[in-house]
Amino acid sequence: MGLLIQDIIPALGSRFEGNTQNGEIDNVSIDSRSLQNNNSTLFFALQGQNRNGHVYINELIDKGVVNFVVTHIPSGTKGKANFYIVEDTLKALQQFAAWYRNLFSIPVIAITGSNGKTIVKEWLNYLLSPDYNIIRSPKSYNSQIGVPLSVIGINERHNLGIFEAGISTTGEMEKLEAVIQPNIGVLTNIGSAHDEGFTGTDEKITEKLKLFKNVEILILQKNSRIEKLLDTKIKTFTWSFTDKTADVVLSAGADNTFNISHNNGTSFKAAIPFTDDASIENSVNCLMVMLYLGYSAEIIANRIATLYPLELRLQVKSGINNCTIIDDSYNSDYQSLKIALDFLEQQKNHQKKTVILSDVFQSGFAVKELYEKVGTLLNAHNISKIIGIGETISKQLSDFPGFTGYTSTQDFLAHLTDKSFEEETILVKGARSFRFEEIVVLLEEKTHETVLEINLNAVIHNFNFYRSRLKPETKIMVMVKAFGYGSGSYEIAKVLSHHKVDYLGVAFADEGIALRNAGITTPIIVMNPERSAFSAMVAYNLEPEIYSVGELKAFITLAQQKNLSEYPVHIKLDTGMHRLGFEENQIEALIDCLRNNNFISVKSIFSHLSSSDVPQFREFTLNQIEKFDKWSLTIMEQLQIKPLRHILNTSGIYNYPQAQYDMVRLGIGLYGVGNDREETTQLENVGTLKTIILQVKEINEGESVGYSRRFIATQKTRIATLPVGYADGISRLWGNGKGYVIINGKKATITGSICMDMMMVDVTNISCAEGDEAVIFGKKPTVVEIAEALGTIPYEILTGISQRVKRVFYKE
Ligand SMILES: *Cc1c(COP(=O)(O)O)cnc(C)c1O
């Protein structure tokens, strides 16, 4: 970066108050927890709902930070650092980023839309990286804060930028446009995400289009509604499956191939390696960018064919000799190396950490500088053993402690023995061309295991989706009862603790104790506290739901014996669910019990909606909310207290946002299942239950499959046997031709009865072999689809997956 303080002062529109204007800034930070090169950091003290950066300034000065963008100088810090005083620190950050962007004339691709922004960005990065030094938004940094931070990452060696922009209300896009100043625009799919911030879809589209007001070209799927709203000055490059007036028209052929005809007269074929509509749309948008950039049909087809799902990054796998493998064998750029090393550091199963790393690409740095930086990163992450594979890395890091170099993957594989790795966590990270998947195959433990893969990024996405629908100040309790709806309560709680979850909800005390033992410090409420567990709850700092006078008295007695003071409890009102809670005629007794009582303190008052997901019971639900409002106010007035109030579960958040009070309780939505189809499309799938084909056999017409001969072949049939059955939680009702699994992208019908530990599927028309993967549920079939077919609800299916099924968690 190397920016002079003298230049920064006007760029920020700030008044300077400090010791010296002779100095340089090398990086920018908004987060006091992650700093580098403190003395050349410019720290923006942002003021958010949850945090105020000004609070950390004292501490940061002690850590050596000298430059602060602030709205005022915090007391006691005057004279100790340089202050750039502005009216609004976020605005200053944006203005600074816009100024910084102007220092570079590189072309920039900007992506917006409701869905698919991050995927299109990551895929474009992957597709174009052989030819460009790309700077892109890290993760999904697409907000009012994320975009400026991304743009500030540009340096002299980058020759292409790819940034995503996301907005939730009007007026935001203009600011992002000024920061990004894009040349090429991509508009992905327009769904209904963030609808609540707009008066209608047209308004939302119009706002999104503001990102493109100065682009040389806008790429989008042909759509007359959007085109009507588009400024006619803006040139478009459109595609379509149906509308022959688009610039590029695609038609589907056999086996995922598409015929692509460009209105310049050329046409070619390309295979898109996905079957779901969303991934196909995202792939086509990428293909359009390549066409626009002048790539040949051959290169486009070759590269598009190798696109891969994003969730394949940073997969955690069990390895040989009790190792843990982190598989990141798809890319090796400097930015993602940092992310991967942070992820490696979070894995606590082994002390010993190993990195297998290929040559590093597209960093924007010269070779020597790059590997010095790689070395610094490796040093900072306490890696015991480093294996570098590639002509460059093997030379550049040859003197690094603990380093072994190989010139090629084949060279390394030739030296690999059974005993090369033991009891360690191994990050395998390489660019695609190094084919590190061959290394992973050899290091991976061979099991015929059924696993439930949990995508923690999707959990975060879903959490943020609901958070975006709430007022900024509304708190969120995340329900992790029943082992996190079957998805692992500790891991979910842990990942969300970084994302400001205010409360966790469990059903029983032992679930809360397990979370505490795992190191979770977030407040926890126990929904069904049994009296026998009161004492343990206090010992573990768990807060009870109080639903009756009897229970309340028992808890007060205990609080008195233990001499507790103001122990937090949560009062549950029964407004119509008729499960647990105080009814109207018990409220007086409740108030009497609570009056003048210092042993406990009412932390919150809440109720539960019985039918927030059923439109026909809207009246009933509104009535529940009204009762809640009235009763809770009575309690608050009589006792002169101001506890948190909450009544909404997932579908409540969606359908009755006006009743969000101080907090909501998010459950099923976090796990990827929404109130209805429309809402579910905004969520990301969290759990994928998968297994591996044990055996494939061919049977003749008239032969049967499974118990009681429930399936009789009417022709020659190929059958694959999978090691997963009803004891794993797959209902027998899903068998006998009703349900299916996905093998190699195709539907394989479940034939015959599902057995206790196995099931058989028809693979007559699927090319597959022993060891191939079968998906029981995930993106397809979805849990919702299975639940509907079986006449139950997704909750039952998710929580019914047996504990013997191993959970595997992954996260970017
Ligand atoms: C389970 C539960 C929730 C969450 O419900 P979802 O429909 O999964 O969002 C909220 N509140 C209480 C009291 C619950 O028991």
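Start at 1 and go down the list; that is how both ligands and their atoms are numbered. In this text the structure is predicted, and so the values were computed from the model without any measurement.
The side-chain hydrogen bond (donor to acceptor under 3.5 Å, both in side chains) search around Ser143 returns none, not counting sequence neighbours.
Annotation for Glu796: atom CD does not count as buried by contact number, only 12 or fewer foreign heavy atoms lying within 6.0 Å.
Centroid-to-centroid, the aromatic rings of Tyr503 and His570 come within less than 6.0 Å. Close placement of the Phe534 and Phe555 rings is indicated, their centers lying within 6.0 Å of each other.
Neither side chain, Ser489 nor Glu511, offers a donor N or O lying under 3.5 Å from an acceptor on the other.
Among residue pairs with one or both ends in residues 596-625, none qualify as salt bridge (Lys or Arg N to Asp or Glu O under 4.0 Å); sequence neighbours excluded.
For atom 12 (C) of ligand 1, the closest non-hydrogen atom on the protein side is His608 CE1, 3.4 Å. Looking only at protein heavy atoms, the nearest one to atom 7 (O) of ligand 1 is Tyr795 OH, 2.6 Å. Thr650 OG1, 2.4 Å is the protein heavy atom nearest to atom 9 (O) of ligand 1.
Atoms of ligand 1 lying under 4.0 Å from at least one heavy atom of Tyr485, given by number and element, are 1 (C), 4 (C), 5 (O), 6 (P), 8 (O).
For ligand 1, none of its N or O atoms has an N or O atom of Met527 under 3.5 Å away. Here's the thing with Leu666: none of its N/O atoms is less than 3.5 angstrom from an N/O atom of ligand 1.
Summarising the contacts of atom 1 (C) of ligand 1 with Met479, Arg665, His646, Lys481, the nearest heavy atom is found in Lys481. One option in Asn649, Leu580, Leu798 has a heavy atom closer to atom 5 (O) of ligand 1 than any other, and that option is Asn649.
Distances from ligand 1 to the non-hydrogen atoms of Arg579 include at least one value under 4.0 Å.
The aromatic rings of Phe628 and Tyr661 lie perpendicular to each other, with more than 60° between the two planes, well past the 30° mark.
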